[in-house]
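Note sheet for the following structure.
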Amino acid sequence: MNEPTLILIKPDGLVKSLTGNVLTRLSETKLEIVAAKMVKVSDALAREHYESLKDKPFFGELIKYLKGELHNRCKVMAMVYYGEGAIAKVREIAGVTNPEEANSVSIRGQYGRITTKGVYENVIHASSNLQDAQREIKLWFRPDEIIVDLYPTKKVSKNTDEKVWA
Ligand code: UDP
Ligand code: MG
């Protein structure tokens, strides 16, 4: 069954100019890229993304990391990959969470590090399971930013100002 997974190239990956390398490694999966964009990560978005880790001692540093405050690079690249077994295929190439334990040919094993403050700077985020993928994709993308229909949508009328090209 085709499934989607959210991938983020975290600020350390961008600062180290690893975007090309990461995309090349991910292309081994033969999955389809169905959404991609650069995102300036707000405090609220970072906290919501890592909501399940909010009681961990490293949560504060983790939020700073995702927001780019540890790298002076306040953006991440967000993508949705889609296809058969996408979640497991991407996690396999990403490697395990701790970059020192990750297989040395995985993305995290190759390019990650542990900071002196104990944060695992592991270059990419990849969804862990179907529920996480759904929650995360809905957090990072609007329906019209994804080129396949993943989840049910609804129409709402909004009376807000929208920025358009001048
Ligand atoms: N993390 C960390 N120290 C830990 C565990 C996690 O710095 O002991 C960071 C790391 O950047 C990781 C993120 O928190 O990618 C989210 O943790 P999770 O357990 O969800 O790992 P993942 O799903 O990213 O492999
Ligand atoms: Mg996780």
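We count ligands from 1, going down the list as the structure has it; atoms in each ligand are counted the same way. Worth knowing before you read on, the calculation uses all heavy atoms, side chains too, and leaves out hydrogens, waters and symmetry mates. Here, residue 1 is the first one in the sequence, and each next residue gets the next number.
Minimum interatomic distance between Q110 and R25 (heavy atoms only, all atoms of both residues): OE1-NH1, 3.4 Å.
Using a heavy-atom distance under 4.0 Å as the criterion, the protein contacts of ligand 1 are K10, Y50, L53, F58, L62, Y65, R91, T97, R108, V119, Y120, N122, S128.
With respect to the salt-bridge test (charged N to carboxylate O, under 4.0 angstrom), the residues E121 and K10 do not qualify.
The aromatic rings of H71 and Y65 lie tilted to each other, with the angle between the two planes from 30° to 60°.
Remark: K16 is not positioned above the aromatic ring of Y111, lacking an NZ or CZ atom under 6.0 angstrom from the ring centre and at most 45 degrees off the axis.
Formation of a donor-acceptor pair under 3.5 Å by the N103 side chain with backbone atoms of G95 is not found in this model.
Taking OG of S106 as the reference point, atom CD1 of I124 lies at 9.0 Å (rounded to 0.5 Å).
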